[in-house]
Every structure is written in C-alpha cells, then in structure tokens.
2 protein chains.
Amino acid sequence: MDGGTGPARRVRLTGEERRRQIIEAAATLFSRKGFRGTTTREIAEAVGVSEAMLFKHFVTKEELYAAIIETKSHARRVMDPALAAAEREDDAEVLRTLAREMIGRTRTDPTLMRLTFFSALEGHALSDIMFRSRVQQLDDFLSGYFAKRVAAGAFRPVDPLQAAWNFIGMVAYHVQRFELFKQKPPEHLTTERAIEEMVQLFLNGVRRA
Amino acid sequence: MDGGTGPARRVRLTGEERRRQIIEAAATLFSRKGFRGTTTREIAEAVGVSEAMLFKHFVTKEELYAAIIETKSHARRVMDPALAAAEREDDAEVLRTLAREMIGRTRTDPTLMRLTFFSALEGHALSDIMFRSRVQQLDDFLSGYFAKRVAAGAFRPVDPLQAAWNFIGMVAYHVQRFELFKQKPPEHLTTERAIEEMVQLFLNGVRRA
DNA sequence: GCGTGGTAATTAAGTACTCACTTAATTCAT
DNA sequence: ATGAATTAAGTGAGTACTTAATTACCACGC
C-alpha cells in the first residue's frame, strides 16, 4: 500500500542506520559546498531530523567530517579492475582500464573528488589521510608495474614514479576540467577518444623505439 | 629624522591605494581559507583598518571577491616566456619553458591556483571568468602550436587540443601534489628532473618514429 | 609662512541575523 | 515500563553590513 517512491515517512531508525544516513547526507553537502559552507541545519534538513540528532551521533561537526573520511577511505580501490591486464602485461589495457575507472567513478559520483580538494584547500589534517589511503595506493601500483616493465626492457629507463604521475596527471586533469571547471570538450573529443590519445601518447613516449 | 625603514608613517592613504591594499590582503586570505572561511573582520585586521573601510570600497564581500578576480585575471600570461622557443620550433624548449613557468609561478605565489580551485568548488560564477581568461589562453597557444607541428609532419597526427591537455595535465598534477596536497617527492626527483621526464615522455609520444 | 574650510579617509559602536551546539522534555518500540 | 530515538526551544558567540560622528589632509587666500 505504501506509495514506495515518496520520501520515506518519518520513522524511527536504529542508531546505526541513522548514523549512516547522516554521514551520507553530510558527505554530499560537504562535497558540494565545503565544510565551512555547509551548516548543521542543512544537514539535518537533508536527513529529515532535528539538528540535535546530529549531535547525538557526533559530538562536533568536525567529528562528523572525520567519520565521512573514515567511511570514504574504505571504498573499493581504483586499480582493482586493472589487475588482470597487469597480470598479462597488456600495457595498453592496464592504462585504458585505469583511466576508464577513474573517469567513470568521478562522473557517477564526484563526491570523493570534491571532498578531497575541499579538505586539501581548507587545510584539514584529514585531507592527507584521504590522500594517502587512496592516491598513494594507486601510485604504488602503477609505479610498481612500470618498474617491472622497465626491468623487462619493454620500457625505456624512465623513472617509474614520475611516469606514474605523468599518466595519472593526464587523467586527473581531464576529470578536473570536466567535473570541477565544467568545461565541455569539443564534440569530436569523446571520452573514449581522449583516453585512447592519452594511452597512445604515454606508451609511445615510454616504450623502446 | 624619520627612521626611514619603519612601516610607512602615513596613516591615511588615498582611496586608490587603500583599495589595492584591501584587494591584496583579501586575495591572500581567500586563497588560504576560502571565501566563506574568511571573515571581513580578518581582512580588515590584515590591512590594519576598520571593517567599515572595506564596505566603503566594496558594497559587499562578494563585490570584493569580484574585484580580486578582475585584478588577478590581468596578470601576465603564462605562455609568454615560451613564445621565442615556439618561433624557432624548438619543441623541447617550448615545453620545458612552459612547465618551468607554471611550476615556478605557483611555487612563489600559490594564491592564484588556490583561488581558482576554491571558486570552482564553491561554485562561484566568477570561477569560470578566471578559468577562461587564464587557462583557455594557454590551451589555445599550445594546441595551436601542436597543430602547426602536426601539419609540418613533425608530430604524428594527434589531436592537438587533447595533446595540449595531456601535457598541461602532467604539469598541473605535479603542481597540485606539491602545493595543494603537500606531498614531497622523493629526493632523486628534483623539479628539473621531473620536468625533463615530462618533456621527453611527451615528445617521444608525439613525434614521428 | 599660516590659519582655515571643505572633503575624503577613517572609526567606534552598533544591528539583525546565522551559526554550532545544548537542555529538558516527549515519543515510540519492545 | 524501560530505554533509546527524537525534538522544540533555546544560548552565546560570531557574521556581514550600517550609521553617525571624528580626524587628517591640502588647496587656497592672506
């Protein structure tokens, strides 16, 4: 009988459920307007409870923020889908998969990227917990893979870490232009085309002649 | 009998001078703590005047912000030092010079970069005035140069705009890691070394075999 | 040189409002 | 009926912005 799609009738949830709800709503708001730019009132309204509920679960707004970082830093690792290709040493596929994953994730949910930038800019100590747990894993994976390929003689003797940053930089900049600065690329530059250009540029740049 | 070296005796400045002072102080503060994170009180204190002075020159805090963007978007163009090398068609030197200029500027004064990110994140309409006036000039210059090199047969037939973004992306990511996320690179990766790796990777990737 | 009047720069002390956070009481599931 | 979830109604400390009065500067006539 319940309409189903309407906003949930105000019900009483368990502490755990409500807590998760608050974290989710706050993450979205912080990512849109920043920590300082979001009021506890707005968060409460988004959840559909009173402000007092927030402070039952988190003693300060700051602690709510920390809980968000905690939660988000446990998300699935961005390089996992590329592991199979890495096993086969299929360079192009490794890079392509990685780029697709980075771009796709940010496009379907820009929350994490925006939160990361906001906290870095606002100088939150927590920003580098996030940075370390997510970005450094990717650095390690890619630079490790490149080191192997250099050792195997497949790549020129580039610095593996710098090479990793170079590739990640291309992809990251693409994402930023699109999601942060809202710059639409010209029509002929589809996402797939852009990815292919990055991968080819990188591999030509790095492979032995 | 004036001490000479002390802070200027003049208590009272002309409107024009004071206005510039306020803009400068506000730019620094906004770039450090964001628009919403900076109070008019702090700005006034930084300048050493009362809050009422700010509102004499700018009717709202928002208008002060607009004045900053106005000012900053007139700064020297980032690609000017590379024009000479572009004239000689010295590809490596064009890219090297560009990268040095981007990194050097941001390192000596991160204000502009931070302001740009903050305003993009906070969704200020003004963010894209800044973006357009500064970043798009660079896009045009680099992609124009690459188009010429492709036409001359020196480069493979890559998409010139995507190629420009790829190079800018590498450099931008370097700057961001360093200035925004405070990640120190390992010792062997000096800035010059990093730049050289980017340039070589890019040119190998893009030149005809 | 020397007062002096006009004007622009400057401020002290507000105002109305919003913020993070609190308290004490109420509702509901079991 | 107990205890956890929940809220209405605060509180004091900021916040952007205002107002009315005060001060320093300087061109001008003497």
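Below, all heavy atoms of this structure are taken into account, side chains as well, without hydrogens, waters or symmetry copies. In what follows, chains carry the letters A, B, and so on, assigned in the order in which the sequence lines appear, proteins first and then strands, with residues in each chain numbered from 1.
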Would A/Tyr65 and A/Phe118 count as a ring pair (Phe, Tyr, Trp, His ring centres under 6.0 Å) here? Give the steps. CA-CA 12 Å; A/Tyr65 186 81; A/Phe118 255 124; 9.7 Å; no
A/Glu45 CD to D/dA8 C1': how many Å, rounded? 15 Å
Using whole Å, what does the distance between atom P of nucleotide D/dG14 and atom NZ of B/Lys33 come to? 13 Å
OP1 or OP2 of D/dT6 sitting under 4.0 Å from any side-chain N/O of A/Arg18? yes
Atom CG of B/Leu13 to atom C1' of D/dC26: distance rounded to whole Å? 16 Å
From CD of A/Glu17 across to P of C/dA29 the rounded distance in Å is 13 Å
Spacing of B/Glu16 atom CD relative to C/dA8 atom C1', expressed in whole Å: 14 Å
Regarding D/dT23, can its base be found pairing with the side chain of B/Arg12 as donor and acceptor, where the two atoms are less than 3.5 Å apart? yes
Mind running a 4.0 Å heavy-atom check of residues 51-70 of chain B against DNA chain D and sending the residues that fall below it, in number order? B/Glu51, B/Ala52, B/Phe55, B/Thr60, B/Lys61
Can you check the B/Ile22 CD1 to C/dT11 P distance for me, whole Å? 10 Å
Positive for salt bridge (charged side-chain N to carboxylate O under 4.0 Å, His left out) with A/Glu24, one of A/Lys72, A/Arg19, A/Arg18: A/Lys72
Donor + acceptor pair across side chains of B/Glu51, B/Thr40 (<3.5 Å): yes
Quick one about A/Asn166 and B/His174 (side-chain donor to acceptor, distance below 3.5 Å, no hydrogens or angles considered), yes or no? no
If the cut-off is 4.0 Å, is A/Thr40 near the phosphate of C/dA20, judged by side-chain N/O to OP1 or OP2? yes
What nucleic acid atoms does B/Thr39 come within less than 4.0 Å of, heavy atoms only: base, sugar-phosphate, or nothing? sugar-phosphate
Nearest-Å distance, CZ (A/Arg36) to C1' (C/dT18)? 17 Å
Stepwise salt bridge (charged side-chain N to carboxylate O under 4.0 Å, His left out) test for A/Arg149 and A/Glu89: CA-CA 8 Å; A/Arg149 300 298 283 154; A/Glu89 307 201 322; 3.2 Å; yes
Step-by-step ring pair (Phe, Tyr, Trp, His ring centres under 6.0 Å) determination, A/Phe181 to B/Phe117: CA-CA 9 Å; A/Phe181 297 102; B/Phe117 274 104; 5.7 Å; yes
Measure the acute angle between the ring planes of A/Phe202 and A/Phe155, then classify it against the limits of 30° and 60° as parallel, tilted or perpendicular. perpendicular
